[in-house]
Amino acid sequence: MDKPRLLNLPKILDSRGNLSFIEEEKHFDFKIKRVYLISDVPGGEIRGGHAFKEQKEVIICLSGSFDVITVSKEETQRYSLNRSYYGLYIPNMIWRNMENFSTNAVALVIASTYFNENDYIRNINEYLSF
Ligand code: TYD
């Protein structure tokens, strides 16, 4: 799992409502240290413009929609997330940002590390020169 990858999570269809789940080391290759949420993003704002030296993550769109742009030396990809049964796996050392948030969009980020500012690479030129 050395490239961004869209994970198609299990979906249990039920007339009472659908259910999806995600399990560490089964759907992705790391142990969960932290989960955080991004919500109430004003129209036009861009979040998450950085890469992580160590952190791997899975981003899920719980509600609404947004795009995740991933950049590596090899390729740039845009993932439009608008279903809660998809998880975007992003390994460490991939630049990514999140944009085009709809009203009421909620992002859930499952992360492999505790928060550590020293793990961030916030300058894309620095990232590309690594
Ligand atoms: P940051 O990751 O820089 O946001 P974005 O990627 O959208 O630009 O985080 C914004 C602020 O929140 C920053 O001051 C660090 C803080 N923060 C925590 O304290 N804990 C966390 O788990 C996260 C993700 C951020």
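Indexing begins at 1, ligand by ligand and atom by atom, following the structure's order. Just so it is clear, the model here is predicted, and its values are computed rather than measured.
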Short N or O contacts of ligand 1 with protein, under 3.5 Å, listed by atom name?
{"from": "ligand 1", "atom 1": "2 (O)", "to": "Tyr120", "atom 2": "OH", "distance (Å)": "2.6"}
{"from": "ligand 1", "atom 1": "3 (O)", "to": "Arg122", "atom 2": "NH1", "distance (Å)": "3.0"}
{"from": "ligand 1", "atom 1": "3 (O)", "to": "Arg122", "atom 2": "NH2", "distance (Å)": "2.8"}
{"from": "ligand 1", "atom 1": "4 (O)", "to": "Arg47", "atom 2": "NH2", "distance (Å)": "3.1"}
{"from": "ligand 1", "atom 1": "6 (O)", "to": "Gly48", "atom 2": "N", "distance (Å)": "3.2"}
{"from": "ligand 1", "atom 1": "6 (O)", "to": "His50", "atom 2": "NE2", "distance (Å)": "2.5"}
{"from": "ligand 1", "atom 1": "7 (O)", "to": "Arg47", "atom 2": "NE", "distance (Å)": "2.6"}
{"from": "ligand 1", "atom 1": "7 (O)", "to": "Arg47", "atom 2": "NH2", "distance (Å)": "2.9"}
{"from": "ligand 1", "atom 1": "7 (O)", "to": "Gly48", "atom 2": "N", "distance (Å)": "3.0"}
{"from": "ligand 1", "atom 1": "8 (O)", "to": "Gly48", "atom 2": "N", "distance (Å)": "3.4"}
{"from": "ligand 1", "atom 1": "22 (O)", "to": "Arg34", "atom 2": "NH1", "distance (Å)": "2.4"}

Worksheet item: CD1 of Ile12 to CG of Asn18: how many Å apart, nearest 0.5 Å?
Response: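 Here the rounded value is 9.5 Å.
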Discussion item. Return the NZ to CD1 distance between Lys33 and Ile110, rounded to the nearest 0.5 Å.
Written reply: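 The CD1 atom of Ile110 is 15.0 Å from NZ of Lys33, to the nearest 0.5 Å.
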Fill in: Lys73 (side chain) donor-acceptor with Phe130 (main chain) under 3.5 angstrom
yes
Worksheet item: Considering all heavy atoms of both residues, which atom of Pro4 and which atom of Pro91 are nearest to each other, and what is their separation?
Response: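 Answer, listing the atom of Pro4 first, then Pro91: N-CD, 3.6 Å.
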Worksheet item: Is it true that Glu57 and Arg96 have a side-chain N and a carboxylate O under 4.0 angstrom from each other?
Response: yes
Worksheet item: Can you pull the side chain to side chain donor-acceptor pair (under 3.5 Å) pairs that have at least one residue in residues 118-130, sequence neighbours excluded?
Response: Glu117-Arg122
